[in-house]
Amino acid sequence: MSVIELPAPERAVAETREIFERVENVIPRIEWPLHAPYVAAINALKKERNAVILAHNYQVPEIFYTVADIVGDSLALAMKAKQTTADTIVLCGVHFMAETAKLVNPEKTVLVPDLRAGCSLAESITAADVALLRERYPGTPVVSYVNTSAEVKAESDVCVTSGNAVEIVEALRVPRVIFLPDEYLAKYVASKTDVQIVAWKGHCEVHERFSGRDVARFRDGDPSLIVLAHPECPPDVLAEADFVGSTHGMTEYVGTLASEQRAPRVLMLTECSMADNVAGRYRNVQFVRPCNLCPHMKRNTLPKVLHSLQAMEYEVTIAPGVAERARLAVERMLDYSTRLRD
Ligand code: 13P
Ligand code: SF4
């Protein structure tokens, strides 16, 4: 095992001065000496291993802005995982994201810092449930949100993310689809298309906690507040929002506001770290911060990322019989996304 000694905090702080500038408005200066030795060691070890770190938009700023090479929403991570020439991918996100990276990179080593980083949506449905749905609705295509296990993807016709779900459902040109597992995303898609949607009852444990009443409370007395929501939120929340979109869509939307208004006030109804990460990029935006943490995303920490690269743990593997079929569903999504974008 390649062991990299942690540099002394003063040396690490000096070495990482430019990196700190990226996060100085979201990480207090007094905390940086705690992070800097890990940031320096991880960046050194990444080179030695020819590894890349992919981080989802919900990762803490000290991972997102300082050690990650590629950041984005689930769709961007899947697309960019496919393009990397590195030997090893460390996926800072949750398990289904690492499985997706492995599916499109079967020959590469894909590591996660903590194997327990799951997802309430992925856990809400099994491959056997999908088989039962197929029996009940014969001939109806199964469209699976990427927030599913590889086993569920293997039983699906095509995957989608929140960034391309409506377009892909329409592109299938069928009257009805089984859309799983997120009930609220399914309802959102149904509101945007004439395709009949058969939904499952999965929920995201983070987004289901927001309510339309919360939004009304935040708006009360703050009429200029701009409300953005992820489509995993309940329908009464989406009805109150000014913009509904994936984590990438929300970031872009804030970018537009930041260029058009002097100091927009924004409420983002999604995971807590999103506002920190977007604030790092658009510094004139004021965020109103209700904080719902995803406990799975938060399992990733800088010490665990360092351990992952040192010990080459924890490797994500997928049984070959499952991987072949699951890969087809993911590749179909990536093909649709490329075609729909062009
Ligand atoms: P995005 O694809 O929008 O990044 O969402 C992933 C996710 O897990 C949201 O909870
Ligand atoms: Fe899953 Fe929700 Fe966490 Fe996203 S925020 S990873 S959907 S539990």
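Side chains are part of it too, since the values below use all heavy atoms of this structure and drop only hydrogens, waters and symmetry mates. Index from 1, following the sequence. For ligands, and for the atoms within them, numbers begin at 1 and follow the listed sequence.
Proximity of a side-chain donor or acceptor of S120 to a complementary backbone N or O of E205 within less than 3.5 Å is detected. Formation of a donor-acceptor pair under 3.5 Å by the N292 side chain with backbone atoms of V206 is found in this model.
For atom 2 (O) of ligand 1, the closest heavy atom belonging to the protein is S74 OG, 2.8 Å. Distance from atom 7 (C) of ligand 1 to its nearest protein heavy atom, with residue and atom name: E232 OE2, 3.7 Å. At the shortest separation from atom 8 (O) of ligand 1 among protein heavy atoms lies N147 ND2, 3.3 Å. Remark: minimum distance from atom 1 (Fe) of ligand 2 to any protein heavy atom is reached at C119 SG, 2.4 Å. With respect to atom 2 (Fe) of ligand 2, the closest heavy atom belonging to the protein is C204 SG, 2.3 Å. Of the protein's heavy atoms, C294 SG, 2.4 Å lies nearest to atom 3 (Fe) of ligand 2.
If you check the side chains of K298 and S273, you find a donor sitting under 3.5 Å from an acceptor. Inspection of the T270 and H207 side chains reveals an N or O donor paired with an N or O acceptor under 3.5 Å. Between the side chains of N300 and Q59, at least one donor-acceptor pair of N or O atoms lies under 3.5 Å. Residues T338 and D335 bring no donor and acceptor atom of their side chains to less than 3.5 Å of each other.
Heavy atoms of N57 come nearer than 4.0 angstrom to ligand 1 in no pair at all. Residue contact annotation: S162 has a non-hydrogen atom under 4.0 Å from ligand 1. Look at E271 and you'll find every heavy atom at least 4.0 Å from all atoms of ligand 2. Using a non-hydrogen distance threshold of 4.0 Å, H56 registers as a contact of ligand 1.
Residue-environment remark: CG (N50) exceeds the threshold of 12 foreign heavy atoms within 6.0 Å. Around the CZ atom of F64, the shell of radius 6.0 Å holds more than 12 heavy atoms that belong to other residues, nucleotides or ligands. The 12-atom threshold is exceeded at CG of L132, counting heavy atoms of other residues, nucleotides or ligands nearer than 6.0 Å. Counting non-hydrogen atoms of other residues, nucleotides and ligands closer than 6.0 Å to CD of E18 gives a total of 12 or fewer. More than 12 heavy atoms of other residues, nucleotides or ligands sit less than 6.0 Å from atom CZ of R283.
Near S120, meaning under 4.0 Å from any of its heavy atoms, are these atoms of ligand 2: 8 (S). When each atom of ligand 2 is checked for a heavy atom of N147 under 4.0 Å away, the hits are 7 (S). The distance from ligand 2 to the heavy atoms of L121 drops below 4.0 Å at these ligand atoms: 7 (S). Applying the 4.0 Å criterion to heavy atoms of D73 picks out, from ligand 1, the atoms 1 (P), 2 (O), 4 (O). Of all atoms in ligand 1, listed by their number and element, those nearer than 4.0 Å to a heavy atom of S246 are 3 (O). In the vicinity of Y58, heavy-atom distances shorter than 4.0 Å reach the ligand 2 atoms 5 (S).
By the criterion of a heavy-atom distance under 4.0 Å, the side chain of H207, and not its backbone, is placed next to ligand 1. By the criterion of a heavy-atom distance under 4.0 Å, neither the backbone nor the side chain of L121 is placed next to ligand 1.
Annotation: H230 places an N or O atom under 3.5 Å from an N or O atom of ligand 1; distance criterion only. Ligand 1 has a nitrogen or oxygen under 3.5 angstrom from a nitrogen or oxygen of T247.
For H207, every N, O or S atom stays at 2.8 Å or more from atom 2 (Fe) of ligand 2.
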Quiz item: After noting the C-alpha distance and the side-chain angles of R213 and D220, does the key distance pass the salt bridge (Lys or Arg N to Asp or Glu O under 4.0 Å) rule?
Solution: CA-CA 10 Å; R213 250 195 334 221; D220 199 23; over 6 Å; no

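The pair E167-K192 does not meet the salt-bridge criterion, since no charged nitrogen lies less than 4.0 angstrom from a carboxylate oxygen.
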